[in-house]
Amino acid sequence: MTEMIATRDGFGNELVELGKTNDKILVFSGDLEDATRAEYFKKAYPARFFNLGITEQDVVGTAAGASTLGFVTFATSFAVFLTNRAYDQIRMDVCYNNCNVKVVCSHAGLTVGQDGASAQCLEDFAIMRVLPNIRVICPVDNIEVCKATRTIVAENGPIYMRTSRAPLPVITQQSDPFVIGKANVMRDGKDVAIIACGIMVSESLAAAEILKGQGIDARVINMHTIKPIDKDAIIAAAKETGAVVTAEEHQMYGGLGSAVVEVLAQHQPVPVEMVAVADSFGESGTPEELLKAYHLKDVDIAQAVRKVIKRKK
Amino acid sequence: MPQAPDIQALKQKAFEFRKEILETLNLAGSGHPGGSLSAVEIMVALYFYKMQHRPTDPKWEDRDRMIVSKGHVSPVVYVTLANAGYFPKEELKRFRKMGSFLQGHVHVKTPGVEFNTGSLGHGLSVANGIAIGAKLLKKSFRTFCLMGDGELQEGSVWEAAMTAAHHKLDNVCAIVDYNQVQENGLISDIKNLEPLTTKWQSFGWHVLSVDGHDLSVLIAALDQAQATKDKPTVIIANTLKGKGVKFMELQAGWHGKAPNTQQLKDALEILERV
Ligand SMILES: Cc1ncc(C[n+]2csc(CCOP(=O)(O)OP(=O)(O)O)c2C)c(N)n1
Ligand SMILES: [Mg+2]
């Protein structure tokens with residue numbers, strides 16, 4: 001059995017580890033540390049943790065201010081509330097001032113589940129990646145989120161990281177590299193490349209299994225960094241397979257798929273199909289029901305692959 | 001004006017609503033009990049005394065508007081609307097289920113709900129907009145806005161507070177469910193609101209600070225709000241988060257967690273008649 005762990009848990013645990021040797025880490029919360037798992041840090045280092053209340057703009061601005069004194073500051077909440085509500089603070093205070101702030105948000109995607117559309121952030125990649133200076137990452141599993149948490153503390157500058165509420169299968173190894181901006185090939189293949197992030201990577205691997213039975217050899221790429229996007233991996237995949245499918249738990253517009261298409265259109269045009277939420281809000285349901293209803297399952301990816309292969313010259 | 005209220009009958013409703021809220025949450029397996037239980041008397045006083053509304057004609061144009069700014073307390077909203085006759089109570093069993101119109105956070109798919117909410121600190125601006133529009137249209141209906149106390153930490157609430165006072169929106173009545181607890185602890189530990197009465201007064205509001213679990217007092221406050229001209233009124237309803245179930249009262253742990261079947265049984269056994 002594959003182990004299932006939410007990436008928010010790995011983030012919370014790793015931050016406590018890092019706090020042992022790094023007393024420059026400060027964590028700010030918008031009254032959601034229970035949900036983001038920043039509360040692990042709060043319990044371990046209460047003096048370096050601040051619940052500023054239900055005030056997202058204040059959380060981001062304060063994190064930016066503190067960072068100017070050499071602290072590595074974390075602004076934490078649900079993805080909807082920080083990226084949307086505090087957008088101007090992220091743009092001005094964090095990005096324009098190029099502050100060493102890590103915006104780490106849980107509860108992105110439909111897999112937030114029963115809370116419904118108001119909490120299901122489906123636009124964070126789009127609105128974060130358009131801002132200068134910020135890097136945007138979405139770790140794929142518990143092992144990768146721990147590496148990512150270490151990396152974002154070590155790297156200077158603004159970074160947005162999305163974590164999951166839903167438990168995700170652990171599909172990477174301790175020995176796998178994690179470098180911001182360098183995609184990891186999870187499975188090689190020559191007929192098509194599926195470029196995915198987050199929960200959609202394991203769905204893509206499942207799709208590749210389905211496709212194997214149909215004689216289609218699919219490459220699966222874990223694009224854990226949405227910005228800066230790994231151009232080389234995308235161009236190589238397009239050259240070597242001739243067709244690309246993107247898969248993300250995000251709106252169809254502006255996210256990973258768009259970032260991939262921007263590269264392909266300019267450097268290596270090939271047919272592309274995008275698996276994403278088709279310009280709608282979510283709703284209440286279980287994560288699994290929602291992934292099915294919004295066509296984000298392995299079968300949907302496999303169907304997109306068959307479609308894109310037909311379009312190959 | 002509404003008839004003299006039968007307080008005993010309203011109290012009985014409040015008791016039954018608490019039971020139904022707990023049952024609804026248990027069946028859903030997730031949701032928000034604390035801020036639902038604290039707002040029961042507020043909702044009863046509004047929907048069964050003060051508000052002009054027609055459950056069989058939810059879009060009646062002269063109805064009073066209710067904006068539930070703390071959209072996570074959908075359980076108390078849906079139980080209230082079902083009991084008022086907006087939809088069959090049977091539907092409560094589908095709360096938070098795929099395809100149900102009873103979404104996790106209040107949504108206009110539900111008959112009787114005016115506005116989608118779920119991100120805190122939006123409702124008062126929306127209520128003001130409705131109130132400004134009503135004045136332009138020479139409509140006499142009133143607009144109510146229910147907010148959480150933690151929600152008042154949002155700066156946008158105070159932007160709206162200035163708007164309502166500046167524009168003399170006496171057709172707006174804000175109600176703060178001052179249950180003392182937000183998601184991760186006590187308001188007074190996380191980001192204190194006090195002095196809350198003078199804060200609202202200094203923003204130009206008529207302020208009534210009342211016992212939010214005493215139906216007669218709430219009803220009197222709602223009447224007084226309506227009688228107050230040239231100023232918006234805020235009713236600070238002093239309540240307890242989780243009211244009625246001793247083990248939930250003032251416990252942040254019961255902000256967003258549904259009772260399991262044993263906990264439901266325990267809760268119903270000790271459920272208090274407020
Ligand atoms: C803008 C925003 N930030 C954070 C949240 C997450 N959240 C939902 S309820 C809640 C606590 C609300 O506390 P309070 O306003 O006191 O409500 P009540 O006690 O009545 O439940 C939080 C932080 C949210 N819904 N919206
Ligand atoms: Mg509260």
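Naming: A, B, ... by sequence-line order, numbering from 1 per chain.
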Practice task
Heavy-atom pairs under 4.5 Å with chain B are the metric here; pick the option from A/Thr286, A/Leu32, A/Val80 that has the most.
Solution key: A/Leu32

Handout entry: Structural part of B/Ser74 lying under 4.5 Å from a heavy atom of chain A
Key = neither

Completion exercise
dist B/Asn192:CG -> B/Asp149:CG (nearest 0.5 Å) comes out at 11.0 Å

Fill in the blank from the handout: With chain B, the option among A/Lys42, A/Glu289, A/Arg85, A/Glu56 that has the most non-hydrogen atom pairs under 4.5 Å is A/Arg85

Practice task
Would you check if there is a donor-acceptor pair between the side chains of B/Thr163 and B/Asn128 at a distance under 3.5 Å?
Solution key: no

Handout entry: Heavy-atom pairs under 4.5 Å with chain B, option from A/Gly113, A/Ala35, A/Gly285 with the top count
Key = A/Gly285

Handout entry: Distance flag, aromatic centroids of B/Phe95 and B/Tyr78, threshold under 6.0 Å
Key = yes

Completion exercise
CE (A/Met274) and CE (A/Met252) are apart, to the nearest 0.5 Å, by 6.0 Å

Practice task
Please say whether the positively charged group of A/Arg48, taken as NZ for Lys or CZ for Arg, lies over the ring of A/Tyr45, i.e. under 6.0 angstrom from the six-membered ring centre and within 45 degrees of the axis.
Solution key: yes

Practice task
Tell me whether the centres of the aromatic rings in A/Phe41 and A/Phe49 are closer together than 6.0 Å.
Solution key: no

Problem - Salt bridge A/Lys297-A/Glu203, side-chain N to carboxylate O under 4.0 Å - result: yes

Problem - Which atoms of B/Ser119 approach chain A - backbone, side chain, both or neither, heavy atom under 4.5 Å - result: both

Problem - Choice from B/Ser100, B/Gly118, B/Gly148 maximising heavy atom contacts with chain A below 4.5 Å - result: B/Gly118

Fill in the blank from the handout: Okay, A/Ser284 and chain B: the region with an atom under 4.5 Å from a heavy atom over there is both

Problem - Contact origin within B/His255 toward chain A - heavy atom pairs under 4.5 Å - result: neither

Handout entry: chain A contacts, top residue of B/His72, B/Arg96, B/Lys191 (heavy-atom pairs, under 4.5 Å)
Key = B/Arg96

Problem - Reported CG-to-NZ distance for the pair B/Leu81 and B/Lys89, which is rounded to 0.5 angstrom - result: 12.5 Å

Fill in the blank from the handout: If one checks every heavy atom of A/Asp58 against chain B at 4.5 Å, the contacting part turns out to be side chain

Problem - Interface residue of largest heavy-atom contact number with chain B, from A/Gly116, A/Gly53, A/Ala119, under 4.5 Å - result: A/Gly53

